Amino acid sequence: MATVLRSIQTEDEPFLARLYASTRETEMALVDWSEEQKAVFLKMQFDAQHRHYLATYSDALFEVIEDGGEPVGRLYVDHRPEAIHVIDIALLPEYRGIGLGGKIMQDVLRQGEDAGLPVTIHVEQFNPAIRFYQRLGFEMLQGEGLHYLMRWRPQSTADPIPI
């Protein structure tokens, strides 16, 4: 089966919480907490982030990434008049590094190219995914707290290369 995107539903929240927790595994390995304490903390953090995203980006597309009919990730995108902003993209650990994220991001970049709009994303300063976004053509614009704002520009709006 193919990879598809579908709108999130209330019944997706347990999966989304598990996905969120998987993105914090390295960080949680450094904390001297019980598994129960980690689970409570991660659930609280997920709930806060989820509510924040839904309230702040009320017109955004919140989608579950499915592969072979199974949920494997999420893609949250806000289509603004001035840019397409990737709020978040995350995949379960076993789906990272196999090209799925690149395929999904290429689809988002195609949307930007078709609309003549840049694509932006905030990336944590120490996130190794920065190199992934740079390979896709994103540039770092500025640091904002613990994040960098990165931008990809469509060919139609890119500055000409000087000769």
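Owing to the predicted nature of the structure, the values given are computational and were not obtained by experimental measurement.
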Roughly how far apart are [X] [atom1] and [Y] [atom2], rounded to 0.5 Å?
| X | Y | atom1 | atom2 | answer |
| --- | --- | --- | --- | --- |
| Arg18 | Asp12 | CZ | CG | 11.0 Å |
| Asn127 | Leu146 | CG | CG | 12.0 Å |
| Met28 | Leu30 | CE | CG | 8.5 Å |
| Glu27 | Lys38 | CD | NZ | 10.5 Å |
| Ile65 | Ile8 | CD1 | CD1 | 12.0 Å |
| Ile121 | Met150 | CD1 | CE | 8.5 Å |

*Check: Ile84 and Thr120 side chains under 4.5 Å, non-hydrogen atoms*: no

_Can you confirm whether Glu139 sits close enough to Gln134 that some side-chain heavy atom of one is under 4.5 Å from a side-chain heavy atom of the other?_
no

*Between Glu113 and Arg110, is there a salt bridge with N-O shorter than 4.0 Å?*
no

*Would you call Arg6 and Glu66 a salt bridge, using N to O less than 4.0 angstrom?*
yes

*Dump the intermediate steps for side-chain hydrogen bond (donor to acceptor under 3.5 Å, both in side chains) on Arg96 and Ser22, then the final yes or no.*
CA-CA 11 Å; Arg96 297 175 195 155; Ser22 79; 2.9 Å; yes

Indicate if [X] and [Y] have the same hydrophobic cluster label, given that clusters are the connected sets of ILVMFWY residues with side-chain heavy-atom separations under 4.5 angstrom.
| X | Y | answer |
| --- | --- | --- |
| Phe41 | Val31 | yes |
| Phe132 | Val72 | yes |
| Ile98 | Val4 | no |
| Val86 | Tyr95 | yes |
| Val77 | Leu54 | yes |

*Would you call the rings of Phe46 and Tyr20 parallel, tilted or perpendicular if under 30° counts as parallel and over 60° as perpendicular?*
tilted

Minimum heavy-atom separation for [X] to [Y], with atom names?
| X | Y | result |
| --- | --- | --- |
| Tyr133 | Ile89 | OH-CG2, 3.2 Å |
| Arg80 | Leu117 | O-CD1, 3.8 Å |
| Leu19 | Leu92 | CD1-N, 3.4 Å |
| Gln125 | Ile130 | O-CD1, 3.4 Å |
| Trp152 | Phe138 | N-CD2, 3.5 Å |
| Tyr76 | Glu63 | CD2-N, 3.8 Å |

*Report the residues that fulfil side chain to side chain donor-acceptor pair (under 3.5 Å) with Gln106, sequence neighbours left out, ordered by chain and then residue number.*
none

*List the steps and the verdict of side-chain contact (heavy atoms from CB on, under 4.5 Å) for Leu16 and His50.*
CA-CA 9 Å; Leu16 294 170; His50 191 66; 4.1 Å; yes

_Donor + acceptor pair across side chains of Arg74, Thr23 (<3.5 Å)_ = no

*Is a donor on one side and an acceptor on the other found under 3.5 Å between the side chain of Lys43 and the backbone of Ala17?*
no

*asked:* Taking Ser7's backbone N and O only, do any of them form a donor-acceptor pair with Gln9's side chain (distance below 3.5 Å, no angle check)?
replied: yes

*So does Gln142 have more than 12 non-hydrogen atoms from other groups sitting under 6.0 Å from CD?*
yes

*asked:* Can you confirm whether more than 12 heavy atoms, excluding those of Asp114, are under 6.0 Å from its CG atom?
replied: yes

*Do His122 and His85 have their ring centres less than 6.0 Å from each other?*
yes

*Checking side-chain contact (heavy atoms from CB on, under 4.5 Å) against Leu75, which of Leu61, Leu91, Ile104, Ile87 comes through?*
Ile104

